[in-house]
Amino acid sequence: MDKRVVITGIGGLCALGSNAASIWRGMCAGISAIGPISNAELYELDGIIGAEIKALPEHDICKKQLASMDRFSLLAVLAAREAVEQAGLSCDEWNADRCGATVGVGICGSEAVEENYRALLMDGAKRTGILTVPRVMPGAAAGQVSIHLGLRGPVFGVTAACASANNAIASAVDLIRLGRADVMIAGGSDAPLVWGVLKSWEALRVLAPDTCRPFSADRKGVVLGEGAGMAVLESYQHAKARGATILAEIAGIGLSADAFHIVAPIAEGPEAAMRQCLQDAGLNADDVDYLNAHGTGTKANDEVETAAIKRVFGDHTRSMSVSSTKSMHGHCLGAASALEMIACVMAIRDGIVPPTANYNEHDPKCDLDVTPNVPREREIRVALSNAFAMGGTNAVLAFRQV
């Protein structure tokens with residue numbers, strides 16, 4: 001059985017852009033899309049910032065269909081459509097049963113929950129909207145992608161907090177490796193920029209007041225964002241047979257758990273996931289040219305991630321390029337590693353390391369080559385993407401040039 005799995009299309013939208021190409025241009029320019037939130041009612045949360053999609057791209061989804069979709073599902077569908085179009089893929093009667101979808105979500109249905117709680121508790125409504133349940137369920141985005149693209153193979157949602165998208169992609173890879181599908185549309189989506197979610201994150205005291213500065217000594221915390229990223233995954237044999245353009249190969253997967261604390265990170269779990277990923281891909285540490293770090297901009301996360309990276313890569317750490325694109329598109333929770341998948345694929349394609357934006361000051365506890373503020377040209381044969389989540393769940397993917 002051919003176990004190679006490749007990417008033949010990508011799609012996405014976030015504060016940086018309304019498609020994968022514009023997101024990548026923003027990353028390469030080092031643009032930080034973090035700023036005031038204008039589309040949501042924030043009530044007493046004045047001063048809270050985010051990485052917000054200011055306007056959605058035009059689409060032909062009718063109002064009746066939109067009524068059944070929360071924002072996170074809509075973002076997933078738009079990103080999936082773009083990925084499928086780039087891949088030149090069509091799903092019809094002869095192949096629909098071999099095509100599926102897995103979509104990672106972190107905090108799903110935020111828009112519907114907010115609307116209905118306010119209607120019930122503040123406006124005196126007697127009942128919720130009739131489509132509330134299908135809007136908020138964790139599998140909604142995957143189901144909507146399936147419906148809009150005609151996919152009748154394996155379809156389900158994946159939730160693992162901030163590592164959801166990498167877990168969804170890993171699940172899709174495994175399904176193809178096992179022969180359960182030929183094609184999977186996989187990625188993540190989240191739309192957390194609503195009052196209740198932001199209020200909850202404010203209580204954790206991890207939100208940055210100004211911007212996101214991963215690995216910089218003056219970093220002050222996380223900035224939430226919204227978005228979606230999706231990829232068309234195929235077996236190598238299937239992609240070659242239909243003459244598809246291959247963007248990159250998903251060479252390895254590493255999954256682990258800290259089994260330590262629900263919010264406090266430790267290095268052992270991330271270290272294990274990175275080591276497993278390299279082993280699965282048949283790679284040595286010095287084969288990796290670029291690592292897209294989880295890099296949230298909190299004091300603890302960036303120090304712990306640095307320690308884990310140095311344990312795995314040893315002396316090679318000094319010659320490996322690292323960056324956190326969350327400095328530009330914010331932390332999009334369930335969609336975060338899906339957007340970072342786009343960064344890794346395009347870094348391999350174009351030979352450009354996207355920068356860590358907003359970087360001001362060296363931190364001796366984060367002594368990595370974090371590509372501060374300015375992109376760097378270099379050949380990238382292998383890129384790793386780290387995703388480490390609350391709950392201590394870790395998912396690392398290796399992407400390889402084909």
Side-chain angles (χ1 to χ4, degrees), residues 162-163 166 169-170 214-217 219 248-258 260 265-327 336-337 340-341 343-348 351-356 359 362-389 392-401:
C162 313
N166 269 6
I169 294 170
F215 303 110
S216 185
R219 63 191 182 277
E249 177 183 357
I250 301 181
I253 296 166
L255 306 174
S256 73
D258 296 352
F260 172 69
I266 56 173
E268 286 76 8
E271 177 188 1
M274 284 186 277
R275 290 192 187 279
Q276 289 175 22
C277 182
L278 294 175
Q279 182 178 15
D280 187 47
L283 295 168
N284 298 316
D286 57 6
D287 291 325
V288 178
D289 303 298
Y290 169 54
L291 189 150
N292 188 294
H294 188 59
T296 62
T298 67
K299 289 287 184 184
N301 175 89
D302 295 359
E303 289 180 10
V304 166
E305 185 170 14
T306 298
I309 289 170
K310 291 168 72 174
R311 289 184 188 182
V312 174
F313 293 96
D315 292 341
H316 180 62
T317 304
R318 293 193 294 270
S319 55
M320 181 177 66
S321 294
V322 177
S323 70
S324 171
T325 53
K326 288 183 179 71
S327 59
S337 49
E340 291 150 12
M341 170 272 297
C344 288
V345 170
M346 294 309 298
I348 288 171
I352 298 175
V353 178
T356 302
Y359 188 89
H362 175 71
D363 183 347
K365 293 183 179 180
C366 299
D367 54 341
L368 306 169
D369 180 2
V370 299
T371 321
N373 299 316
V374 180
R376 179 181 305 144
E377 293 186 7
R378 68 172 292 176
E379 183 182 12
I380 301 173
R381 296 154 299 174
V382 175
L384 248 62
S385 175
N386 282 350
F388 310 139
T393 56
N394 311 294
V396 179
L397 300 180
F399 302 88
R400 180 162 50 200
Q401 192 179 75

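Positions are given from 1 along the sequence. Values below: all heavy atoms of this structure, side chains included; hydrogens, waters and symmetry mates excluded.
- In this structure, the separation between CG on L368 and OG on S323 is 11.0 Å, given to the nearest 0.5 Å.
- You'll find the side chain of F313 stays beyond 4.5 Å of the side chain of R318, heavy atoms only.
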Can T298 and R219 be said to form a side-chain hydrogen bond (donor to acceptor under 3.5 Å, both in side chains), step by step?
-> CA-CA 7 Å; T298 67; R219 63 191 182 277; over 6 Å; no
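- Of all the heavy atoms in V304 and A267, the pair that sits closest is CG1-N, 3.5 Å.
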Check against side chain to side chain contact (heavy atoms under 4.5 Å, CB included), L278 and D287 = CA-CA 9 Å; L278 294 175; D287 291 325; over 6 Å; no
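- The two residues A285 and V312 make their nearest non-hydrogen contact at CB-O, 3.8 Å.
- A donor-acceptor pair is defined here as one N or O able to donate and one able to accept, closer than 3.5 Å; no such pair exists between the side chain of T356 and the backbone of P372.
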Yes or no on side chain to side chain contact (heavy atoms under 4.5 Å, CB included) for V288 and L384, after CA distance, side-chain angles and deciding distance?
-> CA-CA 7 Å; V288 178; L384 248 62; 3.9 Å; yes
M341 vs I169, side chain to side chain contact (heavy atoms under 4.5 Å, CB included): CA-CA, chis, key distance, verdict | CA-CA 10 Å; M341 170 272 297; I169 294 170; 4.2 Å; yes
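- The closest donor-acceptor contact from the side chain of T393 to the backbone of A257 lies at 3.5 Å or more, if one exists at all.
- Contact of the V396 side chain with the N166 side chain is not registered, since no non-hydrogen atoms from C-beta on lie closer than 4.5 Å.
- At a threshold of 4.5 Å between non-hydrogen side-chain atoms, the residues R400 and I250 do not count as touching.
- Contact check for M320 versus D289: no side-chain heavy atoms found under the 4.5 Å cut-off.
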Residues D367, K310; criterion salt bridge (charged side-chain N to carboxylate O under 4.0 Å, His left out); working and verdict = CA-CA 9 Å; D367 54 341; K310 291 168 72 174; 3.0 Å; yes
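- Residues P355 and V374 form no side-chain contact, since every pair of their non-hydrogen atoms from C-beta on lies 4.5 Å or further apart.
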Just do the side chain to side chain contact (heavy atoms under 4.5 Å, CB included) check on V370 and Y359 with the steps written out, would you?
-> CA-CA 9 Å; V370 299; Y359 188 89; 3.7 Å; yes
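- Note that CZ of R311 and OG1 of T306 are 12.0 Å apart. Values are rounded to the nearest 0.5 Å.
- Atoms CD and CD1, from Q401 and I348 in turn, are 7.0 Å apart once rounded to the nearest 0.5 Å.
- Between D363 and F215 there is no side-chain heavy-atom pair separated by less than 4.5 Å.
- Taken from NZ in K326 to CG in N292, the straight-line distance is 7.0 Å, to the nearest 0.5 Å.
- If you check the side chains of Y290 and T371, you find no donor sitting under 3.5 Å from an acceptor.
- When atom types are taken as modelled, the side chain of N394 and the backbone of F388 share no donor-acceptor pair closer than 3.5 angstrom.
- Looking at every heavy atom in both residues, L255 comes nearest to Q276 through O-OE1, 2.7 Å.
- Put simply, the side chain of H362 reaches to within 4.5 Å of the side chain of P364, judged on heavy atoms.
- Residue I380 holds its CD1 atom at 6.5 Å from OG of S321, rounded to the nearest 0.5 Å.
- Of the possible polar contacts, none joining the H294 side chain to the S324 backbone as a donor-acceptor pair under 3.5 Å is found.
- Although no hydrogens or angles enter the test, the distance criterion places a donor-acceptor pair under 3.5 Å between the side chain of E305 and the main chain of G295.
- Put simply, the residue from P354, P214, S385 that forms a side-chain contact (heavy atoms from CB on, under 4.5 Å) with T325 is P354.
- Rounded to the nearest 0.5 angstrom, E303 CD and C366 SG are separated by 5.5 Å.
- At least one side-chain heavy atom of M274 sits under 4.5 Å from a side-chain heavy atom of L291.
- The shortest non-hydrogen separation linking A273 to S256 is CB-OG, 3.5 Å.
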